[in-house]
There are 2 protein chains.
Amino acid sequence: MSLGSRKQLILQAIIEDYINTAEPVGSRTVSKKYLKDISPATIRNEMADLEEMGYIEQPHTSAGRVPSDKGYRLYVDRLMEQKTIDWHDYEFIRKEFMDTVGEIDRLIKHASKLLSAMTKYASIAMAPQFKRTCLKHLQLIKVDSHNILAVIVTDAGIIKNSVIRTDSDIEVDALEKISNMLNQKLIGLSIEELVNMDITKINSGINNNEDYKQVLTKVLPELLQALRYSERAEIYSDGAANLLDLPEYSDVQKAKDFFSILDKNDILYEILKDVSEKTTVTIGKENKIHQLKDCSIITATYSYNGKVIGSIGVLGPTRMNYSKVISIVDCLTQNLNDILTKIIKT
Amino acid sequence: MSLGSRKQLILQAIIEDYINTAEPVGSRTVSKKYLKDISPATIRNEMADLEEMGYIEQPHTSAGRVPSDKGYRLYVDRLMEQKTIDWHDYEFIRKEFMDTVGEIDRLIKHASKLLSAMTKYASIAMAPQFKRTCLKHLQLIKVDSHNILAVIVTDAGIIKNSVIRTDSDIEVDALEKISNMLNQKLIGLSIEELVNMDITKINSGINNNEDYKQVLTKVLPELLQALRYSERAEIYSDGAANLLDLPEYSDVQKAKDFFSILDKNDILYEILKDVSEKTTVTIGKENKIHQLKDCSIITATYSYNGKVIGSIGVLGPTRMNYSKVISIVDCLTQNLNDILTKIIKT
DNA sequence: ATTTAGCACTCGATAGTGATGAGTGCTAAC
DNA sequence: GTTAGCACTCATCACTATCGAGTGCTAAAT
């Protein structure tokens, strides 16, 4: 059976009405609110076909129809009008980001807050993934006799520090020279490469001075270890409470299941780690994480210097206002990219 | 009317049963489960007195009694047995912290996660309050021609960096000298003092060299501004989903109200900012934040070097297992203090 | 002077009932 | 191919009756 254009109109009407009301949509409603020149009876016939094709479902006899995952998918891919963000929202985002200053992690956190506030769904965000960036500058600073501070600047502007404890008192001069040597040798490498590097390889051929070598063998392993610990990016979520306003979560058990997921960083990490560069919609059971089979996720990435460094997403029920959320996510990541370029201007 | 010891026993029984069951407690239950040698009728008389005194309440006629805030307060202050943490929990905390390495913020986040997992309530935590610590080391690093990195180490081991943009290309040597000058002048000051400091005061009398002065007037304001932005400490919360298991939040509206609060960092900040050094219990309407009038909060602080640098807390219903939570919070902050001392060993 | 048994009373919770109405599928007429 | 008509389904809601946990009071027992 083919999907004639009238069937598409009816499907679109059902989906949009359901997105607004969360109530099963009947043939009468479609006829009265959306397609006034088609009678309910005709629509009923078409709906029976749409159900057979798997685009809509009936919760029970004598109820209206509800879109299936497959229906939403068709809607998102072909039916939905590509809304451009409305001016009000656009200005709001613009303004919010204009005032933002400070560290990049804080910026991402703020973006996540903004995203949940504007969409009224839950948002998640991953701070820049350190390991994908490249070393731009490394500096060892002597804090006191037993502590060395390593400061790492990467090409995405992410800055990390770690304190390295040493038994021996290393002289400031020596430290500076080691800093320089390491810089020469390591700059340009990605953090991922760096932490997996063979230490002896770094050591060899740098300098034959025994003093330095001794210090290096002490400092270097600690440094790499510290890097490893900060490898996994921070994950933020926000606006979970929004979902409690939705009828799909009036059942406390459902709500609980959802909230439990938001508390599990490893699951959120799974969602965000391998995100396609363009805005992506994942609907219901399409999701690999089975606990999210009643949710849809919209994800996008943000980049600096053409390099993807992190991602951000919106979680909501499959009955999500896809066009609105997509437009907001797009606008937000665009602004994020702009401001990142500005902040980390080199 | 005085609170005889039998009344106390009955009150204690009512509270402990209510903590376990969340159901109003009747005279029969008290007699059967707790005070077998007193008849229900006698207990009824005593309960009438306890109600008159305001320690318990009746949701409606023909229901059992429920503790009031005042009742819980008496229980916490005088009736409750001071439980020492059970060995299993103790070992668990000990072990969790043993394996923890990395940045201090991450440690606090982990502590919060642990706290909610063990208590089955929601937890909140404030990362070290930067502003209360004192400057120990300041270093300016030249990243490239337009960016200077300021690294700040404080006496509590907290490390912050901020990138300062400059129009003019400052030479490495000059930067180092400025670093040294600033160090001499500023070390020992608290960050709070520092950000409120008059810039001209710092400038004056350092060095008459015009070159440096020029640089200083550019760098210093930016530095102080950057410090101001990171002044407010990060706040984490965890385990909110736990509360959805409790019958008091089977009403979605109540749950929503609670979750909304957890999303508002300024409210959490209010809760955590002025916390007494010893573990504190705040019950129901005792709380300044009226949205939390049905909640109890248990807060405690963690310190480094005898100086309180942050706080941590548990949020739950007034029907909270006070003795258990207190013992866990105490044990956890103790371990936190220990490990902080170890990590930031100077 | 307490304590306790007995009893009438209150009131929320639960289950059963019937009416209502939104929505369907089918049939026959347009 | 489209639509009006109609019998049928089934969730929802309001109403009612019943049940039982728990109370307060009174009078008897200790």
Side-chain angles (χ1 to χ4, degrees), chain A residues 1-11 13-15 17-18 20-68 71 247-248 250-251, chain B residues 1-11 13-15 17-18 20-68 71 247-248 250-251:
Chain A
M1 196 180 312
S2 89
L3 193 66
S5 75
R6 190 171 65 186
K7 280 194 176 57
Q8 290 188 16
L9 283 175
I10 292 172
L11 179 56
I14 292 171
I15 292 180
D17 199 73
Y18 189 68
N20 284 326
T21 64
E23 295 290 331
V25 186
S27 55
R28 229 178 84 92
T29 313
V30 173
S31 170
K32 271 216 295 198
K33 277 173 61 178
Y34 299 89
L35 302 163
K36 296 195 179 57
D37 43 357
I38 311 177
S39 81
T42 310
I43 292 173
R44 273 205 290 284
N45 287 329
E46 299 282 42
M47 279 164 84
D49 291 347
L50 283 168
E51 181 162 9
E52 209 182 316
M53 288 187 271
Y55 294 114
I56 53 179
E57 289 162 354
Q58 220 173 353
H60 58 83
T61 343
S62 93
R65 302 308 211 288
V66 161
S68 67
E248 20 276 276
S250 61
D251 174 11
Chain B
M1 193 182 313
S2 88
L3 192 67
S5 74
R6 191 171 63 186
K7 280 194 177 54
Q8 292 188 14
L9 283 176
I10 291 172
L11 180 56
I14 291 172
I15 291 179
D17 199 72
Y18 189 68
N20 285 326
T21 65
E23 295 289 332
V25 186
S27 55
R28 229 178 83 91
T29 312
V30 174
S31 169
K32 271 216 296 196
K33 277 173 60 179
Y34 300 90
L35 301 163
K36 297 194 179 58
D37 44 356
I38 311 179
S39 82
T42 310
I43 291 172
R44 274 203 290 282
N45 288 331
E46 300 281 42
M47 279 163 85
D49 291 346
L50 283 169
E51 182 164 9
E52 208 181 319
M53 288 186 269
Y55 294 114
I56 53 179
E57 288 161 355
Q58 221 172 353
H60 57 83
T61 344
S62 93
R65 301 312 210 286
V66 161
S68 67
E248 23 274 276
S250 62
D251 174 11

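What you see is a predicted model; the values in this text were computed from it and never measured. Letters A, B, ... are given to chains in the order of the sequence lines, protein chains preceding strands, and every chain is numbered from 1.
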Among residues 26-36 of chain A, which contact DNA chain C at a heavy-atom distance under 4.0 Å?
-> A:Gly26, A:Ser27
Give the rounded distance in Å between these two atoms: CD1 of B:Ile14 and C1' of D:dG22.
-> 13 Å
Write down the atom of B:Lys33, the atom of B:Lys36, and the distance for their closest heavy-atom approach.
-> O-NZ, 4.1 Å
Tell me, do A:Ile38 and A:Ser31 make a side-chain contact under 4.5 Å, heavy atoms counted?
-> no
A:Ser68 side-chain N/O to A:Gly54 backbone N/O, donor-acceptor pair under 3.5 Å | yes
Could you list, one pair per line, each protein nitrogen or oxygen that sits under 3.5 Å from a nitrogen or oxygen of nucleotides 25-27 of chain C, together with the distance?
unit_1	atom_1	unit_2	atom_2	d
C:dG25	OP1	A:Arg65	NH2	2.9
C:dG25	N7	A:Arg44	NE	3.1
C:dG25	O6	A:Arg44	NH2	3.2

Could you tell me which non-hydrogen atom of B:Glu248 sits nearest to which non-hydrogen atom of B:Ala22, and how far apart they are?
-> OE2-CB, 4.3 Å
Across all chains, not counting sequence neighbours, the side chain to side chain donor-acceptor pair (under 3.5 Å) partners of B:Glu23 are none
Among all residues two or more places apart in sequence or in another chain, which pass the side chain to side chain donor-acceptor pair (under 3.5 Å) test with B:Arg28?
-> none
Does A:Val25 or B:Thr42 map to a spot on DNA chain C nearer the 5' end, using the closest nucleotide for each?
-> B:Thr42
Just how far, in rounded Å, is P of C:dG23 from CD of A:Glu57?
-> 18 Å
Starting from the 5' end of DNA chain C, give me the residue, B:Glu46 or A:Ser62, whose nearest nucleotide shows up first.
-> B:Glu46
For the pair B:Asp17 and B:Val30, evaluate side chain to side chain contact (heavy atoms under 4.5 Å, CB included) and give the outcome as yes or no after the intermediate values.
-> CA-CA 8 Å; B:Asp17 199 72; B:Val30 174; over 6 Å; no
Starting at atom CD1 of B:Ile38, determine the distance to atom P of C:dT4, rounded to an integer number of angstrom.
-> 8 Å
A:Asp49 CG to C:dT24 C1', in whole Å, measures 15 Å
Taking the side chain as every heavy atom from C-beta outward, state whether B:Tyr55 and B:Leu3 have any atom pair closer than 4.5 Å.
-> yes
Closest non-hydrogen atoms of B:Tyr18 and B:Val66, given as atom of the first, atom of the second and distance, are CE1-CG2, 3.8 Å
What is the distance, rounded to the nearest whole Å, between atom CD of B:Glu23 and atom C1' of D:dG22?
-> 13 Å
Interatomic distance, B:His60 NE2 vs C:dC11 C1' [rounded to whole Å] = 7 Å
Student check: side-chain heavy atoms of B:Leu50 and B:Arg65 closer than 4.5 Å | no
Acceptor/donor pairs from residues 41-48 of chain B side chains to any protein atom, 3.5 angstrom cut, sequence neighbours excluded:
unit_1	atom_1	unit_2	atom_2	d
B:Thr42	OG1	B:Ser39	OG	3.2
B:Arg44	NH1	B:Ser27	OG	3.3
B:Glu46	OE1	B:Lys7	NZ	2.8
B:Glu46	OE2	B:Arg6	NE	2.7
B:Glu46	OE2	B:Arg6	NH2	2.8

Give me the distances for all protein-to-nucleotides 28-30 of chain C N/O pairs that come in under 3.5 Å?
none

